[in-house]
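The next block holds one structure in the form of structure tokens; read it before the comments.
Indexing begins at 1, ligand by ligand and atom by atom, following the structure's order.
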Amino acid sequence: AFLATGAAALGGAAALGGRELFTGDGGADGRDRPDRGDIGRATVDFHGERQAGVATPAQAFATFVAFDLLDGVDREALIRWMRVWTDDIERLTRGAPALTDTEPELALLPARLTVTVGFGPGFLAAAGREELRPSWLAPLPEFPIDRLREEFSGGDLVAQVCADDEVTVAHAVRVLTKQARSFARPRWVQRGFRNTPGAVPEGATMRNLMGQLDGTRNLRPGPDDRLIWISDGPEWLRGGTGMVVRRIAMNLDTWDELDRPARELVIGRRLDNGAPLTGRHEHDEPDLEAVDERGLSVIPMFAHIRRARSDNPDERFLRRSYNYDDPPEPGELSNSGLVFVTFQADIEAQFTPIQRRLAELDSLNDWTTPIGSAVFAVPRGCRPGEYLGQPLLE
Ligand code: HEM
């Protein structure tokens with residue numbers, strides 16, 4: 001019976017190399033399941049002037065792996081590493097096994113896999129290229145709200161691995177981590193998720209674990225490219241971007257003590273459809289001047305959305321965050337939050353002023369705590385035949 005089942009799963013309808021991997025009939029309850037096999041087969045181009053995974057509509061799952069370089073890794077070694085990874089990523093993102101793939105079956109469902117690689121300050125130092133380091137490629141200033149932990153902070157290199165299938169993400173992370181072992185060791189790993197494709201309408205704003213629609217007012221790839229992508233300075237960064245990864249814990253247990261109106265005042269938006277407290281629909285423009293019959297601001301002075309915007313239209317960034325929901329510490333009930341990720345051309349000019357404003361005053365700070373922080377420079381994308389970071393390393 002085991003063999004027969006195995007054959008049905010692997011042989012019959014489900015096989016490798018372009019044939020069907022899954023039958024999708026799902027047995028008796030198959031009638032209730034729409035065929036979503038196309039989600040597994042969808043791909044995002046690896047090659048291009050810009051790395052994928054930034055402007056790409058966020059996939060359902062992400063793993064962020066930051067690496068520490070091993071002692072003695074120099075520019076030549078970094079070139080070898082980046083050549084190997086470029087080949088691996090190019091193959092995996094089109095649904096092909098990596099050259100040395102030990103589980104090639106796991107590579108066959110790309111599920112919009114993207115791998116976005118960013119370099120930390122230590123990478124440039126090891127490459128002997130410190131003179132090409134933008135001033136924002138450094139740890140963020142300390143903010144009074146921060147309770148940073150080493151195990152979620154810093155790193156010489158990051159790989160942001162995203163796909164609409166978690167098995168795909170795990171496999172890509174495994175391949176890349178193995179291939180990196182002569183050069184680096186994982187420093188921290190952060191895993192996150194959003195809604196599953198098909199479970200919510202396409203393009204819907206995600207919900208975070210506080211229940212809010214999160215990402216309503218965000219930069220738009222295309223019209224806002226000027227603020228997302230770097231267009232001047234050293235050649236290796238032109239077409240690249242700056243990346244901030246902050247791990248922000250949510251205290252869901254004290255958040256539970258708030259009633260709905262209070263929760264909505266914290267953000268300045270409604271929980272049900274994300275509309276500003278002065279509007280009806282999610283994308284209505286908030287009216288920050290509006291006052292109620294008692295003369296109080298409808299969107300409070302301490303509300304997150306009021307504090308998170310600046311009069312300077314350049315102080316904006318692309319938020320591409322993921323929820324995390326990890327096992328609670330002993331004695332605790334929950335361990336949830338956001339892997340809060342932003343992309344911007346200039347971290348110092350665009351991100352830091354807003355984070356500083358929020359650290360000074362933001363009602364949300366009573367329920368959230370930054371516990372990790374890292375900054376990376378995402379080099380421009382690879383043209384066919386190039387390797388990641390080539391203009392920096394060659
Ligand atoms: C807006 C939640 C941390 C910057 C929002 C909104 C929510 C939200 C619900 C309103 C919907 C939207 O426009 O996306 C959270 C949560 C956080 C967090 C739960 C932490 C766990 C941060 C941090 C920053 C930030 C650390 C920046 C340093 C922004 C910005 C907006 C925003 C710029 C848009 C404001 C506007 O222009 O209306 N956030 N946020 N958020 N948040 Fe956060």
Side-chain angles (χ1 to χ4, degrees), residues 58 140-141 143-148 152 190 192 194 203-220 224 227-228 242-252 254-255 258 260 263-279 281-288 299-300 302-325 334-344 347-375:
L140 294 175
F143 302 102
I145 50 171
D146 287 358
R147 300 288 177 271
L148 300 187
F152 300 123
Q190 302 192 46
R194 295 172 159 241
T205 307
M206 82 150 182
R207 282 202 189 264
N208 65 35
L209 297 178
M210 289 177 135
Q212 304 141 350
L213 285 175
D214 192 341
T216 300
R217 194 164 183 273
N218 208 350
L219 288 188
R220 289 153 307 159
D224 295 320
L227 292 171
I228 301 173
M243 178 180 186
V244 174
V245 183
R246 306 263 291 167
R247 186 176 183 84
I248 306 183
M250 295 172 169
N251 193 335
L252 293 183
T254 53
W255 182 246
L258 253 61
R260 278 176 85 85
R263 290 177 173 205
E264 294 181 335
L265 290 171
V266 167
I267 296 292
R269 289 183 177 273
R270 281 166 48 174
L271 281 163
D272 56 357
N273 67 354
L277 295 180
T278 54
H281 304 291
E282 181 185 358
H283 292 283
D284 288 352
E285 188 57 30
D287 178 358
L288 296 176
I299 297 176
F302 55 70
H304 182 65
I305 64 163
R306 180 189 290 275
R307 297 296 299 166
R309 53 174 70 189
S310 144
D311 294 336
N312 179 346
D314 285 358
E315 290 179 358
R316 289 183 298 154
F317 35 82
L318 179 68
R319 286 176 287 142
R320 201 178 186 280
S321 306
Y322 282 84
N323 297 309
Y324 74 81
D325 188 27
S334 69
N335 180 4
S336 307
L338 279 183
V339 187
F340 179 84
V341 179
T342 70
F343 295 99
Q344 53 273 297
I347 291 171
E348 260 170 354
Q350 295 169 240
F351 180 85
T352 309
I354 300 297
Q355 179 62 88
R356 196 170 276 133
R357 267 173 73 84
L358 292 177
E360 277 163 14
L361 176 67
D362 173 8
S363 184
L364 197 55
N365 291 339
D366 288 344
W367 296 274
T368 60
T369 311
I371 56 171
S373 185
V375 169

Atoms of ligand 1, numbered as shown, that sit under 4.0 Å from any heavy atom of Leu338: 16 (C), 17 (C), 20 (C), 21 (C)
Side-chain ion pair, Asp272 and Arg260, N-O less than 4.0 Å: no
Under 4.0 Å to a heavy atom of Leu213 - the qualifying atoms of ligand 1, by number: 9 (C), 11 (C)
Nearest non-hydrogen protein atom, atom 37 (O) of ligand 1: Arg217 NH1, 2.5 Å
Set of residues satisfying ring pair (Phe, Tyr, Trp, His ring centres under 6.0 Å) with respect to Phe343, sequence neighbours excluded: none
Phe351 neighbourhood, listing ligand 1 atoms whose heavy-atom distance to it stays under 4.0 Å: 28 (C)
Flag, side chain of Gln344 to backbone of Gly242, donor-acceptor distance under 3.5 Å: yes
Those atoms of ligand 1 less than 4.0 Å from some heavy atom in Arg269: 10 (C), 11 (C)
Arg220: partners by salt bridge (charged side-chain N to carboxylate O under 4.0 Å, His left out), with sequence neighbours left out: Asp224
Any donor-acceptor pair under 3.5 Å from Arg307 side chain to Asp362 backbone: no
Polar protein atoms near atom 43 (Fe) of ligand 1 [N, O or S; cut-off under 2.8 Å]: His304 NE2
Top protein contact for atom 21 (C) of ligand 1, by heavy-atom distance: Ile248 CG2, 3.4 Å
Gln355, Arg309, Arg247, Arg263: member with heavy atom nearest to atom 38 (O) of ligand 1: Arg309
Ligand 1-proximal atoms of Thr216, by part, heavy-atom distance under 4.0 Å: both
Mutual orientation of the aromatic rings belonging to Phe317 and Phe340 [parallel < 30°, tilted 30-60°, perpendicular > 60°]: perpendicular
Protein heavy-atom partner closest to atom 14 (O) of ligand 1 - residue, atom, separation in Å: Gly215 N, 2.6 Å
Asn273 side chain vs Ala275 backbone, donor-acceptor pair below 3.5 Å: yes
Taking every non-hydrogen atom, the tightest pair across Arg306 and Arg357: O-NH2, 3.4 Å
N/O donor-acceptor pair under 3.5 Å between Gln350 side chain and Leu227 backbone: yes
Contacts of type salt bridge (charged side-chain N to carboxylate O under 4.0 Å, His left out), residue Arg207, not counting sequence neighbours: none
